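Just follow the structure's listing: the first ligand is 1, and inside any ligand the first atom is 1. What you see is a predicted model, and the numbers here were worked out from it, not measured in a lab.
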Amino acid sequence: MGSIQQNINMIKAGLPEGVRLIAVSKNQPVEAVLEAYNGGHRVFGENKAQEAMQKYPQLPDDIEWHFIGHLQTNKVKYITPFVQLIHSVDSEKLLVEINKSAIKNNRVIDCLLQFHIAEEETKFGFSEDEAVQMLRSPEFSALTNIRICGVMGMATFTDDADQISREFTVLKGIFDSLKEKFFARSEVFRELSMGMSDDYRIAIKHGSTLVRVGTAIFGARNYN
Ligand SMILES: *Cc1c(COP(=O)(O)O)cnc(C)c1O
């Protein structure tokens, strides 16, 4: 592996125009984030609310923080003051809580709906039917301080590239269908967040606009 900066440059060089790289800094120290920052990178992803909240004040203000992990409603308040995009909205209850907290912070918060596209039961997310029901509901229309900017999903953890391709194709299909049904005139509904270190090359072939890459930038994570 190269340096953090070399890894970022190499990944970016392989991304089509318009695809953005989220450097996933979960379980990485502030120093590693700073190294990427000093190389010019500005967009980082965290998956734990407390960790994000602790890192945020120690790092430069012009970082764009994305939240990518399962978010419990009681932890929403930790990230709503500064988060730019929540990729992992997996229930209506969570969306309602984000809206409430956004109002308190006098902000409008950008969100993606997470879909369950993998084989594994352990992964979170809406089914397409659940999302359609929510988007049709008057309760959803009443959420003034959130904006739905697209969809997110995680493929099955497998070496089978065909399976990963199929799952990303499903997510792209959900994106297109929701866009047509609910967001045809929306300029903000345009993000398709899919692809991680091992599968982002497949994801960009299927129309990903946001790839979330950790290990291939920072190396293995330290869990302690
Ligand atoms: C950890 C994580 C990533 C990055 O995974 P890598 O395999 O390290 O690139 C991407 N998305 C989500 C939701 C994650 O939790």
Side-chain angles (χ1 to χ4, degrees), residues 1-15 19-29 32-33 35-36 41 43-53 55 64-72 75-76 78-79 83-91 94 98 110-126 149-161 163-164 167-168 170-172 174-175 191-224:
M1 277 197 82
S3 68
I4 288 173
Q5 197 178 328
Q6 285 167 339
N7 295 338
I8 288 178
N9 291 343
M10 206 195 65
I11 294 166
K12 277 185 179 161
L15 296 180
V19 180
R20 293 203 297 155
L21 172 64
I22 319 300
V24 175
S25 49
K26 65 185 189 193
N27 287 89
Q28 299 293 344
V33 179
E35 197 176 325
H41 198 71
V43 190
F44 295 89
E46 290 285 336
N47 75 333
K48 296 214 172 64
Q50 265 136 324
E51 185 178 340
M53 179 183 75
K55 278 180 180 159
E64 198 180 299
W65 289 103
H66 289 216
F67 193 81
I68 62 171
H70 179 61
L71 184 56
Q72 290 166 277
K75 296 191 176 150
V76 166
Y78 296 156
I79 62 167
V83 73
Q84 287 291 320
L85 179 64
I86 301 176
H87 291 228
S88 43
V89 176
D90 55 13
S91 71
L94 178 59
I98 294 169
D110 287 346
C111 296
L112 306 181
L113 300 181
Q114 180 171 356
F115 286 87
H116 189 278
I117 55 169
E119 214 168 66
E120 296 120 317
E121 292 285 326
T122 49
K123 287 182 176 154
F124 293 97
F126 287 94
C149 299
V151 305
M152 179 271 216
M154 288 167 89
T156 301
F157 184 70
T158 174
D159 289 334
D160 183 349
Q163 179 173 1
I164 294 170
E167 292 173 357
F168 286 155
V170 167
L171 190 60
K172 173 71 161 81
I174 293 173
F175 173 85
E191 303 291 4
L192 184 46
S193 171
M194 59 186 192
M196 309 175 24
S197 292
D198 290 335
D199 59 18
Y200 76 86
R201 291 177 189 82
I202 303 175
I204 57 184
K205 289 195 193 129
H206 292 281
S208 174
T209 64
L210 297 170
V211 293
R212 313 175 308 267
V213 179
T215 321
I217 294 174
F218 296 106
R221 287 178 278 274
N222 295 313
Y223 290 96
N224 40 38

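- Under the 3.5 Å distance criterion, with hydrogens and angles disregarded, a donor-acceptor pair is assigned to the side chains of Thr209 and Glu191.
- Between the side chains of Gln72 and His70, no donor-acceptor pair of N or O atoms lies under 3.5 Å.
- Interface atoms of ligand 1 facing Val213, defined by a heavy-atom separation under 4.0 Å, are 9 (O).
- Nearest non-hydrogen protein atom to atom 9 (O) of ligand 1 is Ser197 OG, 2.5 Å.
- Here CD1 of Ile22 is found 14.0 Å from OH of Tyr200. Values are rounded to the nearest 0.5 Å.
- Distances below 4.0 Å separate heavy atoms of Thr215 from the following atoms of ligand 1: 6 (P), 7 (O), 8 (O), 9 (O).
- The OG atom of Ser208 sits 5.5 Å away from the CE atom of Met194 when rounded to the nearest 0.5 Å.
- Closest to atom 5 (O) of ligand 1, if we only count protein heavy atoms, is Met196 CE, 3.4 Å.
- Of all the listed residues (Asn27, Leu210, Ile22, Ile68), Ile68 holds the heavy atom that lies closest to atom 12 (C) of ligand 1.
- Residues Lys55 and Glu46 are paired through a salt bridge, judged by an N-O separation under 4.0 Å between the basic side chain and the carboxylate.
- The part of Lys26 lying near ligand 1 is the side chain, judged by heavy-atom distances below 4.0 Å.
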For this session: Please test Lys172 against Glu167 for salt bridge (charged side-chain N to carboxylate O under 4.0 Å, His left out), starting from the C-alpha separation and ending with a verdict.
Result: CA-CA 9 Å; Lys172 173 71 161 81; Glu167 292 173 357; over 6 Å; no
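- Listed by number with element, the atoms of ligand 1 under 4.0 Å from a non-hydrogen atom of Gly214 are 4 (C), 6 (P), 8 (O), 9 (O).
- Close approach of ligand 1 to Arg212 is summarised as follows: ligand atoms under 4.0 Å from at least one heavy atom of the residue are 4 (C), 9 (O), 10 (C), 11 (N), 12 (C), 13 (C).
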